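The next block holds one structure in the form of structure tokens; read it before the comments.
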Amino acid sequence: MAATGVSLKCGDCGVLLKSVEEAQEHAELTKHSNFSESTEAVLNLVCSTCGKPCRSKTESDLHTKRTGHTDFVDKTSEAVKPISLEVPKVSMDVDEPVNASTSSQPDEMVAPEVDKKLLEELEAMGFSTERATRALHYSGNVSLEAAVNWVVEHENDPDIDEMLLVPANTKVEATKPTLTPEEVKLKAQELRERARKKKEEEDKRTEREKEKERIRIGKELLEAKRIEEENERKRLIALRKAEKEEEKRAREKIRLKLEEDKAERRRKLGLPPEDPATTTKPIVEEKKSMLPVRPATKVEQMRECLRSLKQNYKDDDARVKRAFQTLLTYIGNVVKSPNEEKFRKIRLNNQAFQDRVGSLQGGIEFLELCGFEKIEADDCLFLSRDKVDVAVLNSAGSELNSAINNPFFGVL
């Protein structure tokens with residue numbers, strides 16, 4: 001019974017099929033079973049250039065991409081007719097029994113049988129087994145020339161390099177070749193030459209890319225080396241410059257310190273300032289020496305006392321450091337607890353005090369500069385509460401910390 005539809009549509013993948021036979025083949029290949037009648041016709045787009053029919057827009061787009069052909073004639077309306085949903089009957093002899101088990105099962109799909117000798121010759125010419133098998137099957141296994149002729153005409157087919165599968169009982173009639181043997185040989189040679197040239201071009205392109213990459217990497221390495229050498233040169237120049245500046249500042253500092261110590265010694269000895277007319281100092285130093293000598297502050301006297309102590313016992317650093325730490329302890333206790341008399345009174349006959357501070361020249365003098373007074377009757381050093389000057393004691397602590405931690409303290 002004829003239906004109003006013009007195609008069958010697979011509900012699983014959406015493909016349109018022209019007949020019940022195509023639906024059965026589609027079901028065997030894909031295992032899809034959901035088909036419905038559709039009023040949408042299967043397209044029949046014929047390439048104007050090569051005449052290849054395309055069943056869908058996707059197939060025509062693939063054909064355009066492969067061949068460059070863009071003109072298609074839509075002949076769908078010419079081939080549209082209502083689809084028959086009746087399954088075609090298989091003609092059988094009257095006496096031949098019907099096998100129900102085989103009639104209801106789809107045919108087995110196998111690779112087609114082709115001439116082995118022709119297949120080997122085609123493979124020797126450079127064709128793949130899949131392409132050679134298709135060519136021999138569709139050309140009827142008649143000759144090598146016919147198979148090559150088929151390859152030439154169908155080399156742009158999308159499935160040409162896929163292994164063909166046909167029902168086990170399928171037979172294809174031979175097709176008459178359209179090219180002469182000479183033309184077939186020329187076409188085969190042309191195909192091989194085209195493949196060889198394509199491979200050579202691909203190899204040359206790959207080699208050019210590799211050479212460009214080697215050149216690029218070489219340039220980057222040279223540039224990186226140049227930048228590294230330039231940075232190293234700048235670093236060395238900056239380092240030498242910094243060393244020279246540091247050396248210059250050190251010499252100037254030493255010179256100024258020597259001049260200051262010299263002026264300080266003249267002041268302590270009661271000598272007048274050095275006559276600028278008898279010195280060879282630069283003009284700037286002459287102006288400095290002409291300035292009036294200011295009296296030494298208590299902090300400067302403390303520093304000089306500690307410097308003298310360190311220079312007098314420079315061969316016994318451990319003893320000097322222990323004396324400085326003991327003095328720092330005395331000063332720190334008074335600052336923390338100025339009301340505690342025990343911290344403001346130091347007995348001179350205390351053996352520990354004598355070993356650490358009293359026996360060293362300058363130790364008692366430093367405590368006297370901090371405000372301690374020697375009381376002969378009690379044989380002790382005593383700092384009265386009303387004479388505790390926290391600012392002076394803090395300055396004394398700073399000088400002691402500098403003497404303990406600064407390795408260059410007392411060198412100049």
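This structure is a prediction, so every number in the text was calculated from the model and none was measured.
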When you look at Leu119 and Glu123, which way does the side-chain contact (heavy atoms from CB on, under 4.5 Å) test go after all the steps?
CA-CA 6 Å; Leu119 179 62; Glu123 290 176 344; 4.0 Å; yes
Apply side-chain contact (heavy atoms from CB on, under 4.5 Å) to Leu367 and Leu383, showing your working.
CA-CA 9 Å; Leu367 291 171; Leu383 175 60; over 6 Å; no
Going through the checks in order, is the side-chain contact (heavy atoms from CB on, under 4.5 Å) test met by Lys345 and Phe382?
CA-CA 5 Å; Lys345 186 174 183 179; Phe382 182 73; 3.9 Å; yes
Glu264 and Arg267: salt bridge (Lys or Arg N to Asp or Glu O under 4.0 Å), yes or no, with the steps?
CA-CA 5 Å; Glu264 183 69 14; Arg267 185 188 64 79; 2.5 Å; yes
Evaluate the side-chain contact (heavy atoms from CB on, under 4.5 Å) criterion for residues Cys370 and Met302: first the C-alpha distance (whole Å), next the side-chain angles of each, then the deciding distance (0.1 Å), finally the verdict.
CA-CA 8 Å; Cys370 294; Met302 292 179 183; 4.0 Å; yes
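Using modelled atom types, one side-chain atom of His154 and one backbone atom of Trp150 make a donor-acceptor pair closer than 3.5 Å. The closest donor-acceptor contact from the side chain of Gln354 to the backbone of Leu348 lies under 3.5 Å. No side-chain donor-acceptor contact under 3.5 Å links Asp157 to the backbone of Asp159. For Asn394 (side chain) and Val390 (main-chain N/O), a donor-acceptor pair under 3.5 Å exists by modelled atom type.
In plain terms, the two heavy atoms of Leu136 and Asp115 that are nearest each other are CD1-O, 3.8 Å. Val73 and Ser48 get closest at one heavy-atom pair: CG2-OG, 3.4 Å. For Arg134 against Glu162, the heavy-atom pair with the smallest separation is NE-O, 2.8 Å. Of all heavy-atom pairs spanning Gly362 and Leu309, the tightest one is C-CD1, 3.9 Å. Between Ser60 and Phe72 the shortest heavy-atom distance is O-CZ, 3.7 Å. Shortest non-hydrogen contact noted between Val388 and Val334 is CG1-CG1, 4.2 Å.
When the shell of 6.0 Å around CD of Glu368 is examined, it contains more than 12 heavy atoms from other residues, nucleotides or ligands. Heavy-atom neighbours of Glu228 CD from other residues, nucleotides or ligands within 6.0 Å: at or below the threshold of 12. Open room surrounds CD on Gln361; 12 or fewer heavy atoms of other groups in view lie less than 6.0 Å from it.
Considering CZ of Phe343 and OG of Ser337, their distance stands at 5.0 Å, rounded to 0.5 Å. Of the inter-residue distances, the one linking Asn401 atom CG with Leu328 atom CG reads 5.0 Å to the nearest 0.5 angstrom. Between the CZ atom of Phe366 and the CG atom of Leu360 there is a distance of 13.5 Å, given to the nearest 0.5 Å. Atom-to-atom distance recorded for Leu222:CG and Ile217:CD1 is 12.0 Å, nearest 0.5 angstrom. Taking CG of Asn231 as the reference point, atom CG of Leu236 lies at 11.0 Å (rounded to 0.5 Å). Here the NE2-OG1 distance, from His63 to Thr49, works out to 7.0 Å after rounding to the nearest 0.5 Å.
Comment: Glu202 does not engage Lys199 in a salt bridge, judged by the lack of any side-chain N to carboxylate O separation of less than 4.0 angstrom. Salt bridge present: Glu200 and Arg196 bring a charged side-chain N and a carboxylate O closer than 4.0 Å. Salt-bridge check for Arg249 with Glu252: failed, with every basic side-chain N at 4.0 Å or more from each acidic carboxylate O. Under 4.0 Å is where a charged nitrogen must lie from a carboxylate oxygen, and between Glu341 and Arg344 no such pair does. With salt bridges taken as basic N to acidic carboxylate O contacts below 4.0 Å, one links Arg235 and Glu232. Salt-bridge check for Glu223 with Arg226: passed, with a basic side-chain N closer than 4.0 Å to an acidic carboxylate O. Between Lys204 and Glu207 there is no salt bridge, since no side-chain N of the basic residue sits under 4.0 Å from a carboxylate O of the acidic one. Ion pairing of Arg216 with Glu213 is present here, as a side-chain N (NZ or NE/NH1/NH2) and a carboxylate O approach within less than 4.0 Å.
The shortest distance between side-chain heavy atoms of Met125 and Glu121 does not fall below 4.5 Å. Counting heavy atoms from C-beta on, the side chains of Lys52 and His69 never come closer than 4.5 Å. In this structure, the side chains of Lys219 and Ile215 come closer than 4.5 Å at one or more pairs of heavy atoms. Taking the side chain as every heavy atom from C-beta outward, Leu306 and Lys310 never approach each other to under 4.5 Å. Leu122 is not listed as a side-chain neighbour of Arg131, based on a closest heavy-atom distance of 4.5 Å or more. Contact check for Glu300 versus Arg303: side-chain heavy atoms found under the 4.5 Å cut-off.
For the residue pair Asp161/Ser128, the side-chain donor-acceptor check at 3.5 Å is satisfied. At a cut-off of 3.5 Å, with distance as the only test, a side-chain donor of Asp355 or Gln351 sits close to an acceptor on the other residue.
Ser308 is linked by a side chain to side chain donor-acceptor pair (under 3.5 Å) to nothing, counting only residues two or more places apart in sequence or in another chain. Annotation: side chain to side chain donor-acceptor pair (under 3.5 Å) contacts of Glu201 (sequence neighbours excluded): none.
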Residues 314-326, side-chain donor-acceptor partners within the protein, below 3.5 Å, at least two apart:
residue	atom	partner	partner atom	Å
Asp316	OD1	Arg319	N	3.3
Arg319	NH2	Ser359	OG	3.0
Thr326	OG1	Arg322	O	2.8

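Note: Tyr330 and Phe353 have tilted aromatic rings, judged against thresholds of 30 and 60 degrees for the angle between ring planes.
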